[in-house]
Amino acid sequence: MLSARKLVAIGVALVIAATGVAIAQTMPDHHSMGSASGHPMGPEYMQEMMRQHQGMIGGHSGMHGASTTPTLPGQDAFGAIQEVVRILDADPKTDWSKVDLEALRQHLIDMNEVTLKADVAAKPIEGGLEVAVTGSGRTLLAIQRMIPAHAQSINGRNGWRVTAAALPNGEILTVAASDPKEIQHIRGLGFIGLLASGAHHQPHHLAMAKGAFDHEHAAHAR
């Protein structure tokens, strides 16, 4: 009779042999591959198979992760107008006879001019900050339109006292407060932070696109 140890050894050998047969059956026969392609299966063949397999896996994961439709508009002003158009299209009460998207486009050009092209010189004053915003040509026109209007819209916000005064080549924006914390707030924001303060820009853009302003205001926006 066979001992228990020999029986275990025989069982292990049989399992290993069966596993080897199963693996061999799942792989292409290297002789047939060699006869078809002229290149017997070797290390280079195995590396190529692994490379193709990894590429297929990467391709499948890319198909699952990538979006099939672009979402970015490609240009900020275009995207802002596109958003407004979607709102107008979705509102059954939109009066298309009054819609003025060109006024909005011109206003966005003003925003671009002031944000990126205006010269800004800020200095601390008692209670706050004084900012000289200057430029020429199209930038000057944008400054003259935007700064006084923005000063009026944020006057009183957080207890601020906000004024705008004309310069030959721009505007002086003055923002002051009595609260020491707000004084630091104002100075920390600086010109561009003050220009971005408030939540009136988006509603203003929508109202402008709807033609809600009078003709004088619309002409001024241009």
Side-chain angles (χ1 to χ4, degrees), residues 62-120 131 133-167 169-175 182 185-186 188-222:
M63 286 191 294
H64 288 298
S67 173
T68 57
T69 304
T71 58
L72 297 179
Q75 205 274 345
D76 289 344
F78 185 92
I81 295 172
Q82 188 179 58
E83 181 182 35
V84 167
V85 168
R86 283 198 297 265
I87 294 171
L88 296 175
D89 279 338
D91 185 359
K93 296 181 180 178
T94 295
D95 185 348
W96 290 99
S97 67
K98 295 181 179 179
V99 167
D100 192 351
L101 291 171
E102 180 59 24
L104 175 57
R105 188 180 79 89
Q106 292 298 325
H107 175 67
L108 293 175
I109 293 172
D110 280 355
M111 292 184 69
N112 190 74
E113 292 289 327
V114 173
T115 300
L116 300 179
K117 298 182 181 180
D119 295 318
V120 176
V131 186
V133 188
T134 58
S136 61
R138 184 66 174 80
T139 303
L140 174 58
L141 295 176
I143 292 168
Q144 292 170 336
R145 283 192 280 261
M146 281 191 63
I147 301 305
H150 189 67
Q152 184 178 1
S153 69
I154 64 171
N155 185 38
R157 176 181 173 82
N158 301 323
W160 298 347
R161 300 184 301 277
V162 186
T163 60
L167 290 171
N169 60 340
E171 295 280 338
I172 290 182
L173 178 68
T174 303
V175 186
E182 284 304 317
H185 185 194
I186 291 166
L189 285 170
F191 168 67
I192 194 60
L194 292 167
L195 193 66
S197 294
H200 63 280
H201 289 284
Q202 290 84 346
H204 177 76
H205 294 169
L206 183 58
M208 183 178 294
K210 287 183 174 181
F213 300 123
D214 55 30
H215 293 293
E216 182 179 352
H217 186 109
H220 184 63
R222 289 183 169 85

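Distance check, rounded to the nearest 0.5 Å: NE2 of H107 to NE2 of H204 gives 4.0 Å. Atoms CG and CG, from L194 and L189 in turn, are 5.0 Å apart once rounded to the nearest 0.5 Å. Atoms CG and CG, from L88 and L101 in turn, are 6.5 Å apart once rounded to the nearest 0.5 Å. Atom-to-atom distance recorded for T139:OG1 and I109:CD1 is 11.5 Å, nearest 0.5 angstrom. How far CG of L72 is from CZ of F78: 12.5 Å, rounded to the nearest 0.5 Å. Residue E182 holds its CD atom at 4.5 Å from CG of N158, rounded to the nearest 0.5 Å.
Across Q82 and P73, no two heavy atoms sit closer than the pair OE1-CB, 3.9 Å. Nearest heavy-atom pair across A209 and V84 is CB-CG1, 3.5 Å. Between E113 and A142, the shortest heavy-atom distance links the atoms CB-CB, 3.8 Å. A151 and A164 make their closest contact through CB-CB, 4.0 Å (heavy atoms, listed as atom of the first residue, atom of the second, distance). Nearest heavy atoms, S197 versus G193: OG-O, 2.8 Å. Residue G135 comes nearest to L140 through the heavy atom pair O-CB, 3.6 Å, listed as atom of the first residue, atom of the second, then distance.
Between D100 and K210, none of the side-chain N atoms (NZ, or NE/NH1/NH2) sits under 4.0 Å from a carboxylate O, so this pair counts as no salt bridge.
Side-chain contact between R86 and D89: absent, with no pair of heavy atoms (C-beta onward) separated by less than 4.5 Å. By the 4.5 Å heavy-atom criterion applied to side chains, H205 and M111 are counted as neighbours. With contacts defined as side-chain heavy-atom distances shorter than 4.5 Å, the pair K117/R138 does not qualify. R157 places none of its side-chain heavy atoms less than 4.5 Å from the side chain of V162.
No option in T174, L173, N155 other than T174 meets the side chain to side chain contact (heavy atoms under 4.5 Å, CB included) test with T163.
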